[in-house]
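Written below as structure tokens is the structure these notes are about.
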Amino acid sequence: MVKFSLENLKSKFIKEKYICGIDIGSSSVKTVKVKIAKDILELENCACYPLDPNLIDTIKKIKAEFSIESAVISFSGTSTVVRYAQFPKMTREELAQALRFEAQKYIPFTLSDTYVDGYILKDDLPGNKMSILIAAVKKELVNQRLKMFEDAQLKVEIADLDSLACANSFLLNYSDDPLVSQKAVALLN
């Protein structure tokens with residue numbers, strides 16, 4: 001006898017998902033809605049709105065026009081920082097603990113005022129070391145932005161840094177492309 005769960009049934013009938021990205025820049029608010037179906041990303045909609053002093057109204061407008069309940073956002077500017085560092089080889093869990101003590105050496109903000117995360121880029125460097133990417137953003141900016149989306153009744157699914165999102169987008173789309181694999185590439189945001 002075959003058992004069916006609600007999740008199995010949903011996965012058989014619901015083949016696509018939508019995700020919306022909202023970029024609040026210095027002069028405008030850019031929005032994209034992407035349909036994810038199997039392994040294909042398809043641009044569903046995009047728009048650019050002037051930067052309004054009342055961003056909550058702009059977010060509410062985007063929510064209505066794009067028919068969305070959640071979004072992906074990013075942070076940029078002087079309240080963010082990305083650094084590369086070498087740490088002794090450790091697990092992801094140990095890295096999370098180490099960052100609480102070691103990150104201050106790499107970021108120009110007070111740790112208590114900052115959200116910090118790290119990612120292991122390469123774990124087999126000479127001398128039992130590993131290469132780490134450290135990302136930090138000031139809590140004030142994050143909390144302010146999350147409150148704005150909450151007030152607009154739009155859930156934030158993912159928050160990232162602009163520079164990392166740009167690099168990840170390139171890697172997702174072109175890392176295996178033979179036209180760029182042996183060349184220097186510049187990414188401009």
Side-chain angles (χ1 to χ4, degrees), residues 19-32 48-60 62-63 70-173 175 184-189:
I19 192 156
C20 184
I22 299 176
D23 176 20
I24 299 173
S26 58
S27 61
S28 63
V29 179
K30 283 100 35 207
T31 306
V32 296
C48 188
Y49 302 85
L51 194 62
D52 187 322
N54 189 348
L55 282 171
I56 294 170
D57 288 344
T58 303
I59 295 168
K60 286 179 179 179
I62 292 167
K63 180 182 178 188
S70 63
V72 173
I73 65 170
S74 62
F75 300 96
S76 63
T78 58
S79 294
T80 67
V81 68
V82 175
R83 297 284 188 263
Y84 296 96
Q86 286 189 2
F87 279 36
K89 193 170 184 176
M90 61 184 75
T91 66
R92 174 75 179 125
E93 293 77 24
E94 291 169 330
L95 174 61
Q97 292 296 320
L99 279 175
R100 293 181 11 193
F101 304 104
E102 297 294 322
Q104 190 63 64
K105 296 176 189 175
Y106 301 97
I107 61 170
F109 312 132
T110 306
L111 279 182
S112 61
D113 297 335
T114 311
Y115 291 113
V116 179
D117 199 4
Y119 183 78
I120 300 170
L121 296 171
K122 193 170 184 176
D123 65 356
D124 59 354
L125 296 178
N128 204 28
K129 300 253 185 197
M130 59 186 199
S131 177
I132 305 295
L133 177 112
I134 300 171
V137 62
K138 288 187 178 178
K139 288 180 180 179
E140 180 181 0
L141 175 63
V142 173
N143 296 338
Q144 176 189 43
R145 188 74 51 90
L146 292 177
K147 174 79 169 105
M148 193 174 8
F149 278 86
E150 182 182 306
D151 290 349
Q153 299 177 335
L154 189 60
K155 180 182 170 191
V156 173
E157 283 190 41
I158 299 171
D160 201 351
L161 299 184
D162 281 1
S163 56
L164 295 178
C166 185
N168 285 334
S169 176
F170 172 80
L171 291 173
L172 175 70
N173 289 291
S175 63
V185 176
L187 301 178
L188 302 177
N189 182 6

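- A 4.5 Å side-chain heavy-atom check between Leu55 and Val29 finds at least one atom pair inside the cut-off.
- Between Thr58 and Ile24 there is no side-chain heavy-atom pair separated by less than 4.5 Å.
- Rounded to the nearest 0.5 angstrom, Leu111 CG and Glu102 CD are separated by 10.0 Å.
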Determine, stepwise, if the pair Asn143 / Tyr115 fulfils side-chain contact (heavy atoms from CB on, under 4.5 Å). CA-CA 10 Å; Asn143 296 338; Tyr115 291 113; 3.0 Å; yes

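- Annotation: side chain of Ile59 is not in contact with side chain of Tyr49 (no heavy-atom distance under 4.5 Å).
- Interatomic distance, CD1 of Ile56 versus NZ of Lys63, reported as 13.0 Å (0.5 Å rounding).
- Every residue two or more places apart in sequence or in another chain that forms a ring pair (Phe, Tyr, Trp, His ring centres under 6.0 Å) with Phe170 is listed here: Tyr174.
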Does the side-chain contact (heavy atoms from CB on, under 4.5 Å) test come out yes or no for Asp162 and Thr80, once each step is laid out? CA-CA 9 Å; Asp162 281 1; Thr80 67; over 6 Å; no

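- Partners of Lys147 by salt bridge (Lys or Arg N to Asp or Glu O under 4.0 Å), not counting sequence neighbours, listed by chain and number: Asp151.
- For Asp52 against Asn54, the heavy-atom pair with the smallest separation is OD1-N, 2.8 Å.
- Side chain of Glu150 to main chain of Arg145: no donor-acceptor pair is present (N/O by atom type, distance under 3.5 Å, no hydrogens or angles).
- One distance of note links CZ of Phe87 with CD1 of Ile120; it measures 10.0 Å at 0.5 Å rounding.
- The line from CD1 of Ile22 to CD1 of Ile62 is 4.5 Å long, rounded to the nearest 0.5 Å.
- Minimum interatomic distance between Phe109 and Thr78 (heavy atoms only, all atoms of both residues): CZ-O, 3.3 Å.
- Counting only heavy atoms from C-beta outward, the side chains of Leu51 and Ser26 never approach each other to under 4.5 Å.
- Within a 6.0 Å radius of NZ in Lys155, other residues, nucleotides and ligands contribute 12 heavy atoms or fewer.
- Here the side chain of Thr114 pairs a donor or acceptor atom with the backbone of Thr110 at under 3.5 angstrom.
- The shortest distance between side-chain heavy atoms of Val82 and Ile134 does not fall below 4.5 Å.
- No more than 12 heavy atoms of other residues, nucleotides or ligands shown are found within 6.0 angstrom of CD on Glu140.
- Contact detail for Cys20 and Ser70: the closest heavy-atom pair is CB-O, 4.0 Å.
- Shown here is Gln153, whose CD atom has no more than 12 heavy atoms of other residues, nucleotides or ligands within 6.0 Å.
- Across Pro108 and Arg83, no two heavy atoms sit closer than the pair CD-NH2, 4.4 Å.
- In this structure, Leu121 CG and Tyr84 OH are separated by 6.5 Å, a value rounded to the nearest 0.5 Å.
- Here the CG atom belonging to Leu161 is positioned 11.0 Å from the OG atom belonging to Ser79, to the nearest 0.5 angstrom.
- Every pair passing salt bridge (charged side-chain N to carboxylate O under 4.0 Å, His left out) that includes a residue from residues 117-139 is listed here, sequence neighbours excluded: Arg92-Asp117.
- When all heavy atoms of Asp23 and Ser74 are compared, the pair lying nearest together is OD1-OG, 4.3 Å.
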